[in-house]
Amino acid sequence: MRQLTIFLVLIGIFSLGLWGQYERSPETFILSFSHHAYQVLMLFVLEGEWTHIDDLPWQLEIVRTIAPLATIAGVVFALIQDSWFGVLNFFIRYRSNHVVVAGLGSKSWQFIQSARDEYKIVVVERDPDNPYISRARDMGVDVLVGDIFADGMLGQAGLASARHLVTFTGNDGFNVDLTIKARNFVREQGNGNPLRIHLHLNDSRIAQSLEDYPKFFADHRAAQVNFFSVYDLNARILLARYSPERFAEVFGQEQVHIALYRFGRLAEHILIEALRIGHYANHKPLRFTIFDENASAMKDDLLSEFPQLADTCEIDFIDIRLGHSREYDRLENELLSSITEHVVCGPTDEENLQISLTLRSMLLKRVSANAPIMVRMRQTTGLAQLLESNYGGPEIPDGIFPFGMLDEVLHHDNVLSDGMDALARAMHEDYLRGRAELEVDKRLYTSLNAWENLPEPVRKSNRLQADHLATKLRAVSCSVRPGKSSGFEFSEDEAELLAHMEHDRWRFNKTFDGWKAGPSRIEGAKVNPFAVSWQEMDEAERAKERESIRSLPQMLSEQLGQNIQRDLLIGVTGHRPHKLDMNDRKVHDSIRAQLREIVDANPGHRFVIVSPLAEGADRLVAQIGMKEFDMELQVPLPLPYELYATDFSSDESIEEFRRMVGESEAYFELPLKFGSIEELAIGVGAETNEARNQQYALVGAYLVEHCDELIAVYDGEPAAGEGGTAQVVAWRSDGAVPACYQNPLQFFRRPEMRPPRVVTP
C-alpha cells in the first residue's frame, strides 16, 4: 500500500509536468512527446537546467521544485523503512505468546489473514522477493527475511517464548526437520511453557508413521506436536458442518452411507475421519462406496495400508467414468437410494462442478436417490459462489453444498485449534478426577498423566473425543452455547446412551490404531482390557463412563464457560394465502402467544422453527419466531427447488423463499419417495398428481415425528386432500403417521407427541 501511494504521487507529478510542457509548446507537444517527457523525467534526477527560461508555465514551476524533493524523499523513505524494519525485527526476540509462521505462500497467507487480529504473528520467509512480504507488512505483520534453519533465526523469531509454531515451508521433509530443530531449541532455551508445533504434512501416511514412532514425541513436555494438512482440516470441517447422521435420518436409512467420487488424498482423509468420529446412537458401522475410473485398482492399496477397514466398516469399489451421464444408468437404484450423502473430491473446481451437476441431474431421475452432494471447491470466489449454501444471503436450495474453500479451511480456529484443545484438556482432566484412586505406574499407563505430560498420540485421542461431543449431544437433542450452566442434567437413559456411544468411539479408535483386548494393560504391546464391546465391559467401568457423561455439564461450565442446552423443535403447518389473511392481527397475536408460551415453559432451551416455507402460515410463523424470539430455522423441502418454486404465486414470493432459506440454520430435501422429478412434474399446478401430494404429506409427517411442538394455523375444516393441514393435525393428535410416511428415527431421540397448538384464522 505504501509503495502504491508513492507510485501514484510520482505519476501525478510527472503528469503535471507533461501538462506544463503542453502549455509551453502545444504546437510541438505531440510531435516531440518523447522529448518533452524526457525533459520532465530529468527534473526527478536534478537535471533541470533547461527550465532556466522566461515565462515558464506554473505547472513546470511547481514540478521543477517538487520533483527532486520527491526523489530525495523516496530515497530517504526507503532507507528509513529498511532501518525501521530492522529495529522492529530486533525487538521480536523479546515477544511472548505469539505465533511464528515458517514460510509465506498461498496457504500461510490464508492463515495469516484470519489470525492477524487475534494473535501477534511473526513470519519467517527465505525469499526476499516474495510478493507476500510487502502485503503482510502492510497488514502490520512482522516478517523476518532469512533461512529459518540458519543459526540464530529461531532466537530472532522469539521461538523460546512463542505460543505456536506453524510450519508452511511447502516441503514435508523440511517441516519435519524444522519441528525437530524447534523442539530441541525450546527444550534448551524455552521459558518452561510448552510450544505447540503445528506440523503441516501433505502425506498423511508419513503422519501416521510418525504417530507410531515414540522417539518423535519424546520431548512432549517441551513441545506439543500435532499434524495437520488441508486434507485433514477439510475432512473435519465437512463432517462437522454437514453431520452425516442427520442426512441418514432424513432419508430413513439404518446406516450412514457415504459415496466418495475421485478417490485421492482428500477422499482418503474423509473416509478415515468419518470412521474415527462417525459413531452414532444406532451403534451401526458406516458404509462407503468409492466411485472412480480405477476404483477396483485402488482397493488393494487402500486395504493394504488400512487392513482394519475390512472389519470396521462396509466398503465397495465401483469403476465408473465420472462426469459421463450414461455411465450412471447402469447403477442399481437400490444402491443409489441407500446412499445418504455424496462427496465429490476431484482435483479441480471445474471438474468437481461438472461431476456434481451431472450427478445431481441423474439422482433426481431416480426414486429416493436425491441425497445431498458435497463438492470440494478451493476458492470462495468463482465457481463456489454458484453453489454457496447457508451463508446468510439469498439461497437457491439445490441440494449441492460446497466445502473446502481455503480461506475457511485455513482459518486460525482450525489450524491452531485452541478451542478444541481447551475442550480436550478439560475432558482429560475430568477423566483423571474420575480415576484419582488408581495407583499405577504412569510411565506404563500414560493416559493417567497430566495434560502437559501426555504423549501427543494420547492428546490426539482426547481431541477426537472433543470432536465427537457435538455428535453425542445431537443424539439427545442438545447443543452447547456460551454461558454458565443452569443446572442441566442428563437423564439416566441419556447418560447410558451417550456413555455407550463414547465407548464405541474409543474402542473403534483403539482397534483402528492396532490395540486389542487382553486381561491387563500392556501399553507397549497395545493391549487394553477395556477394548471390548459395551456389553462386555465390567459394570464398575461402565458406571465410571456414565458418571463421566453426567459430569459433562458442570465441567463445561466451570472449565470453559459453556452451557449444555436442550434443543426444542417447533414444527409449522397451516393454510396457504387463499385461506389465510396474512395481515390478520389476531392471527399474528395468536402465533406470538403460542410461541411465548413455549418459550416460557422451556427455559434454557434453544428453539428451532422447522418449516417447509410454503406460502402462508409456514413463512408467517417462521418470520415471527426468528425476528421476535430469536429462534433458528430449519427448512425440510418436500420437493426439489425447481419443482417446489412452481407452487409459489409470484417472483416476489420466490425471492422471499430464497431469502429465508439463506437465513436458515440448514435446509434439506426429503427423499423423492413417491416418484422421480419427471413423474412429480406431471400436472404442475393441478391437484391430479397424487405422487406430488404424497411428497407434501411426507413433509407433514416429518414435522409430526420430529418436532417437540407443532403449531397449526388451521380453520378446523375436514381434510381436502393428501398432505393438507387437517391431515397433519390429525396425525399429531393421534400420535402416529401412516406406515408409508413413517421414519425410523434411529439416530436421534423420538420427541414426545404433544398435542398440536392450533391457531384459528
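The structure displayed is predicted, hence computed values, not measured ones. FYI, side chains are in, hydrogens and waters are out, and symmetry mates aren't considered; it's all heavy atoms of this structure.
- Classification of E351 and R262 as a salt-bridged pair holds, one side-chain N sitting under 4.0 Å from a carboxylate O.
- Between R749 and D708 there is a salt bridge, since a side-chain N of the basic residue sits under 4.0 Å from a carboxylate O of the acidic one.
- Ionic pairing of R360 and E669 is present here: one or more N-O contacts between side-chain nitrogen and carboxylate oxygen are shorter than 4.0 angstrom.
- Classification of R576 and E615 as a salt-bridged pair fails, no side-chain N sitting under 4.0 Å from a carboxylate O.
- F748 has its side chain out of reach of V476: every pair of non-hydrogen atoms, C-beta onward, lies at least 4.5 Å apart.
- Salt bridge D567/R481: absent, no basic N to carboxylate O contact under 4.0 Å.
- Ionic pairing of K472 and E494 is not present here: no N-O contact between side-chain nitrogen and carboxylate oxygen is shorter than 4.0 angstrom.
- Side-chain contact, S533 with E536: a donor N or O sits under 3.5 Å from an acceptor N or O.
- One finds a salt bridge joining R658 and E655 here, because a Lys/Arg side-chain nitrogen approaches an Asp/Glu carboxylate oxygen to under 4.0 Å.
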Pair E249-R474, salt bridge (Lys or Arg N to Asp or Glu O under 4.0 Å): steps then yes or no: CA-CA 12 Å; E249 184 266 344; R474 281 195 299 269; over 6 Å; no
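- Using a 4.0 Å cut-off between charged nitrogen and carboxylate oxygen, R585 and D589 do not count as a salt-bridge pair.
- Ionic pairing of E273 and R276 is not present here: no N-O contact between side-chain nitrogen and carboxylate oxygen is shorter than 4.0 angstrom.
- Ring-plane geometry between F657 and F648 is classed as tilted, the angle between the planes lying from 30 to 60 degrees on a 0 to 90 degree scale.
- Under a 4.0 Å N-O distance rule, the pair E327/R321 qualifies as a salt bridge.
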Audit row: M374, H342, side-chain contact (heavy atoms from CB on, under 4.5 Å) steps and yes/no: CA-CA 6 Å; M374 316 304 172; H342 305 264; over 6 Å; no
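- The residues E717 and K579 are annotated as not salt-bridged, no charged nitrogen and carboxylate oxygen being separated by less than 4.0 angstrom.
- Enclosure of atom NZ in K365 is not indicated, since only 12 or fewer non-hydrogen atoms of other residues, nucleotides or ligands lie within 6.0 angstrom.
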